[in-house]
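Only one structure is covered here, and it is reproduced in the block below.
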Amino acid sequence: MSENLSKFFEAFVDSSSVFKNKRVLQSDYSPDSLQHRDEQIGQIARIMAPSLRMEKPSNLFIYGKTGTGKTVTVKHTLTELLGVAKSRGLPIVTIYVNCKLKRVADTEYRLIANLISELGSDVPSTGLPTDEVYKIFYSLVDKKKLLFIVVLDEIDHLVRKAGDDVLYNLTRINSELKNSIVSILGISNDLMFVDNIDPRVKSSLGEEELVFSPYDAKQLKDILFERSKIAFIDGSLQQGVVEKCAAIAAREHGDARRAIDLLRVAGELAEREMANTINIEHLDHALSTLERDRILDIIKTQPVQFQTTLYSIFLALRNQEKLDASIFTGSVYSIYQDVCKQTGLRALTLRRVSDIIAELNTLGIINANVISKGRGGRMREIRLGIPESLHDKTLNIIKSTLELN
DNA sequence: GTCAATTCACATGAAAGAGACCACGGTCTAGTG
DNA sequence: CTAGACCGTGGTCTCTTTCATGTGAATTGACGA
């Protein structure tokens, strides 16, 4: 057996892979040159340039959907800026924080704690009063004369969870500092986000704004070609694969990250088959694999109550005999109560379940719309958002977490 | 027939509570010289 | 005498509950033509 296995590994190593440099297709890779973002790079550079004279650059706010190159562009531009600063001996420091990462920077306290740790110091992950942490941060920043550029990626996430007080406090930092200057660069996926924040914060944080529009199919194609030249062995991509990949991604609001993922998975599938070219079938297959993994992964990582709610939705729809029909909050909740009784789980209130349904909706697992039936009341109309081919798998996942049969 | 008021069944907001974590400082205990 | 174990306190964070308020259109009922 182990002989077989080692043979397999040998064969795997020897088989001509389609990849030359797979890292280029990984999500954390940032390319040396950016395509179709010259204009934005120029604008960011113009806004940030005063920092090289040790003047405070305007706070900058960047919007754009996922995969439009916001993060990469910002990182790219700041790296260049830091290069110049370094060669001139200017004390400029950039800090990059992704506010979406759970347990890293998704609350006010943790954000500041994170900034502190970026500055090479440490505070406990919990236990201190928030203003204490602020004080530590201030003293740390103000110790030397420095110019900080703080990049807050996915800032909409932070505000949604922690409220806009955070931003207000951050924008006030400069008035507390004697020596140093802090400039904030916020990145948001949500275009509507700014409408919901405190006007005071809005004016001070959004001194400058920049919008990243989605890539169109042609631009995506250019990007994919560029990457695939480095990533794949010459000639391993069949005609039309990149074009189709670009077209798929363009259809889904021009998400370049997704397009690149798609290409990578297609390559992995081809590699697994020991094929030495990637064809359209691989791409189609990759598309469904990616989608399947995403959905199953989301479901698997949901808390018990979420899974129970989803299970109740399944049951409610099954009672109606047709899974593509829709049901309403009330019937889901009564079934949910039965399920809880059955499993011995403590049943939550309708209020909470209603929120859970709303959250499942934003995850895309279900589609729920609020409708009014006039005197019949107002409620959510709920449908499953999971493709039928995955129904059995999701039910199995849920049943195993609920220890049901 | 028309129009405003009513009503239903939740949606949505706000505030507050419970319980899990964690750090810190003080006290107790056991081991060491 | 000292290091480590063990509390109590005070803080944050997440998930919930409770209480209150909001909402959109079918229904109702008064009113006038």
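Just so it is clear, the model here is predicted, and its values are computed rather than measured. Each chain gets a letter, A, B and so on, in the order its sequence line appears, and its residues count up from 1.
- Phosphate proximity of B:dC10 to A:Ser354: absent, as no side-chain N or O sits under 4.0 Å from OP1 or OP2.
- Whole-Å rounding puts the A:Asn369 CG to C:dT23 P distance at 18 Å.
- If you find the closest nucleotide of DNA chain C to A:Ile356 and to A:Ser372, the one lying nearer the 5' end belongs to A:Ile356.
- If you take CZ of A:Arg351 and P of B:dG17, they are 18 Å apart, rounded to a whole angstrom.
- Within the structure, every pair that satisfies the ring-ring contact (aromatic ring centres under 6.0 Å, His included) test and touches residues 334-389 of chain A, not counting sequence neighbours, is listed here: A:Tyr333-A:Tyr336.
- Distances shown here put a side-chain N or O of A:Thr349 below 4.0 Å from the OP1 or OP2 atom of C:dT17.
- The listed nucleotides are C:dT16, B:dG13, B:dC10; the one nearest the side chain of A:Arg378 is B:dC10.
- Under 4.0 Å is where a charged nitrogen must lie from a carboxylate oxygen, and between A:Arg352 and A:Glu359 at least one such pair does.
- Judged by a 6.0 Å distance limit and a 45° cone about the ring axis, A:Arg227 is not positioned over the six-membered ring of A:Phe232.
- Screening residues 342-379 of chain A for ring-ring contact (aromatic ring centres under 6.0 Å, His included) gives no qualifying pairs among residues at least two apart or on separate chains.
- Of the possible polar contacts, none joining the A:Asn59 side chain to the A:Ser183 backbone as a donor-acceptor pair under 3.5 Å is found.
- Aromatic rings from A:Phe212 and A:Tyr63 are positioned such that their centres are separated by 6.0 Å or more.
- Here A:Ala368 lies out of heavy-atom contact (under 4.0 Å) with every strand.
- The distance from atom CG of A:Leu350 to atom P of C:dC19 is 15 Å, rounded to the nearest whole Å.
- Checking the phosphate oxygens (OP1, OP2) of B:dA11, a side-chain nitrogen or oxygen of A:Thr329 falls inside 4.0 Å.
- Across B:dG13, C:dT16, C:dT28, the shortest atom-to-atom separation from the side chain of A:Leu348 is found for C:dT16.
- Taking the nucleotide of DNA chain B with the nearest heavy atom to each of A:Gly374 and A:Arg380, the more 5' of the two is matched to A:Gly374.
- When the local axes at the two ends of the helix from B:dG1-C:dC31 to B:dG31-C:dC1 are compared, using 5 base pairs at each end, they differ in direction by 20° after rounding to 10°.
- Side-chain nitrogen and oxygen atoms of A:Arg346 include at least one within less than 4.0 Å of the OP1 or OP2 phosphate oxygen of C:dT17.
- Checking side-chain atoms of A:Lys70 against main-chain N and O of A:Lys65 turns up a donor-acceptor pair under 3.5 Å.
- Here C:dT16 is the nucleotide among C:dT16, B:dC10, B:dG13 with the atom lying nearest to any side-chain atom of A:Arg352.
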